[in-house]
Amino acid sequence: MTPAARLSAAIEVLADLAARRRPVADALKDWGLAHRFAGSGDRAAIASLVYDALRRRASAAWIMGEDTPRAVLIGTLRLQRGLAGPTIAGLFTGERFAPPPLSEDERARLDTATLADAPPHVAGDVPDWVLPSLARTLGEDLLPELKALARRAPLDIRANTLKADREQVRAALAHLAPVPTPHAPHGLRVPVPEDGRGPALHVEPEFLEGWFEIQDEGSQLAAALAGAQPGETVVDLCAGGGGKTLALAAAMGNDGRLVATDGDPRRLAPIHERLRRAGARAEVRTPRGGRAAPDGLADLDGAADLVLVDAPCTGSGTWRRNPDAKWRLRPGSLATRQAEQITVLDRATRLLKPGGRLVYVTCSLLPEENDEAVTGLLGRRADLAAAPLAKASLAKAPLALPPDLSAALRRTAHGVQMSPGLTGTDGFYVAALTRR
């Protein structure tokens with residue numbers, strides 16, 4: 001496909017998303033199935049265009065004066081790709097499979113329109129209703145952080161120290177030119193070209209041998225801040241696909257008892273193969289009989305040294321990777337997630353032994369899901385106390401965390417907040433509590 005034909009395809013996918021309000025991955029998959037002539041390079045390029053357009057949907061529509069799929073893509077080429085008006089006009093020719101030519105108004109807007117007078121939610125490309133919550137977290141850094149949240153996310157991996165250290169992985173992947181992550185001691189960052197099509201890490205021999213896992217640096221740090229120790233009894237209560245479970249197993253050196261479970265059995269499906277590949281030991285407990293059934297953890301009540309709660313949340317901290325999610329988010333969705341967080345936190349506290357610690361993690365930038373959730377838990381459980389992470393985790397962590405990490409974490413009432421602008425990671429929140 002020509003570059004112009006790819007633009008037409010991206011507009012088609014964006015129109016499908018606008019009409020059907022569904023996950024972008026589903027729309028891209030359906031487009032590929034209906035256009036089998038498109039090769040893998042074409043599909044990757046179209047996906048990159050669509051994701052960039054979703055990242056900059058509000059600001060692109062602002063400079064173009066309308067929010068049609070075509071206008072959003074044109075504005076994205078100007079804002080996100082940095083293309084000049086004549087270059088964009090050369091792609092919109094109407095020839096063969098190219099989009100129709102630019103109108104005089106479109107040409108004029110590309111040349112003169114700016115974001116100088118755009119309101120913050122437009123300049124920052126977020127839904128207007130969520131802006132007050134984001135402002136409470138980000139304060140004076142609101143607009144720079146929102147702009148960082150609208151950029152592409154880096155491609156990070158974590159060396160699996162059960163099999164190899166970071167330098168061994170770096171040497172093995174030298175052809176990809178990875179560099180150490182700024183903060184996570186076992187992380188590497190793999191360069192991604194301008195087209196957004198990263199290398200196929202899942203086919204590298206070292207990945208197949210379990211030397212490394214694909215994991216954002218923020219997720220790596222959240223697992224490290226939990227401070228799991230060899231010999232402890234640790235429960236990963238919302239394990240999902242197992243990314244943090246694997247990191248916990250590596251931190252424990254496979255010494256101790258590690259239990260992984262999740263309220264949604266379907267999310268646990270990938271964990272078994274990932275554990276096998278990584279050489280990590282963990283008990284996986286899959287709930288049976290539906291959500292109302294017992295969770296299968298009764299024997300661990302009052303026995304856990306550490307419970308990690310990577311809670312279900314809006315995912316607002318991952319909007320760089322999932323830009324469609326921010327436009328599908330509704331206030332009702334936030335309320336649903338808050339109710340789920342109350343349930344999972346109350347369950348987690350029953351697992352703690354006296355002196356045990358609960359580490360609460362979300363990939364959210366919204367205080368309703370973070371500090372407010374912790375405040376609510378402290379109000380419900382008099383036997384819990386908030387613990388500064390420096391005492392509860394960092395001092396006990398087996399990892400040599402760089403001293404500059406503290407400066408890259410935004411302190412909150414009960415924990416720390418990572419963010420794309422300050423930390424260069426997804427927006428993870430981490431708080432620790434101990435049972436008296």
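Computed over heavy atoms, backbone and side chain alike; hydrogens, waters and symmetry mates excluded.
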>> So that I can tick it off, tell me whether Asp236 and Arg285 are bridged by a salt bridge, with the cut-off set at under 4.0 angstrom between side-chain N and carboxylate O.
In response: no
> Looking at residues at least two apart in the chain, or sitting in another chain, which of them share a side-chain contact (heavy atoms from CB on, under 4.5 Å) with Asp117?
Replying inline: none
>> Tell me if the CD atom of Glu273 is crowded by more than 12 foreign heavy atoms within 6.0 Å.
In response: yes
>> If the threshold is 4.0 Å, N to carboxylate O, is there a salt bridge linking Arg136 and Glu368?
In response: yes
> Do NZ/NE/NH1/NH2 and the carboxylate oxygens of Arg320 and Asp426 come within less than 4.0 Å?
Replying inline: yes
> Taking side chain as C-beta onward, heavy atoms only, is Asn160 less than 4.5 Å from Glu213?
Replying inline: no
>> So, applying side-chain contact (heavy atoms from CB on, under 4.5 Å) with Pro287, which one of Leu268, Asp295, Leu297 is it?
In response: Leu268
>> Restricting to non-hydrogen atoms, name the atom on Gly263 and the atom on Pro265 that form the minimum distance, rounded to 0.1 Å.
In response: O-CD, 3.5 Å
> Is any side-chain N of the basic residue among Arg20 and Asp26 closer than 4.0 Å to the acidic one's carboxylate O?
Replying inline: no
>> For the residue pair Thr137 / Arg410, report whether a side-chain donor-acceptor contact shorter than 3.5 Å exists.
In response: no
> Taking NZ, NE, NH1 and NH2 as the nitrogens, is one of them in Arg22 or Asp16 under 4.0 Å from a carboxylate oxygen of the other?
Replying inline: yes
> Salt-bridged, Asp52 to Arg55, with N to O below 4.0 Å?
Replying inline: yes
>> Looking at Arg109 and Glu106, is any side-chain nitrogen of the basic one under 4.0 Å from a carboxylate oxygen of the acidic one?
In response: no
>> Could you check whether any side-chain N or O of Gln220 sits under 3.5 Å from a backbone N or O of Gln215, counting only pairs where one atom can act as donor and the other as acceptor?
In response: yes
> With Asp216, which of Arg189, Arg321, Lys244 fulfils salt bridge (Lys or Arg N to Asp or Glu O under 4.0 Å)?
Replying inline: Arg321
>> Give me the atom names and distance for the closest heavy-atom approach of Asp324 to Val24.
In response: OD2-N, 2.9 Å
> Just checking, is any N or O donor in the side chain of Ser419 or Glu145 under 3.5 Å from an acceptor N or O on the other one?
Replying inline: yes
> Would you say Asp310's side chain and Cys238's backbone share a donor-acceptor pair under 3.5 angstrom?
Replying inline: no
> Where do Val374 and Ala431 come nearest, in terms of heavy atoms and distance?
Replying inline: CG2-CB, 4.0 Å
> Taking only residues two or more places apart in sequence, or in another chain, which ones meet Cys363 in a side-chain contact (heavy atoms from CB on, under 4.5 Å)?
Replying inline: Cys313, Thr318, Phe428
> Is the charged tip of Arg277 near the ring of Phe207: under 6.0 Å from the six-membered ring centre and within 45° of its axis?
Replying inline: yes
> Between Val169 and Leu188, what is the shortest heavy-atom contact and its length?
Replying inline: CG1-CD1, 3.8 Å
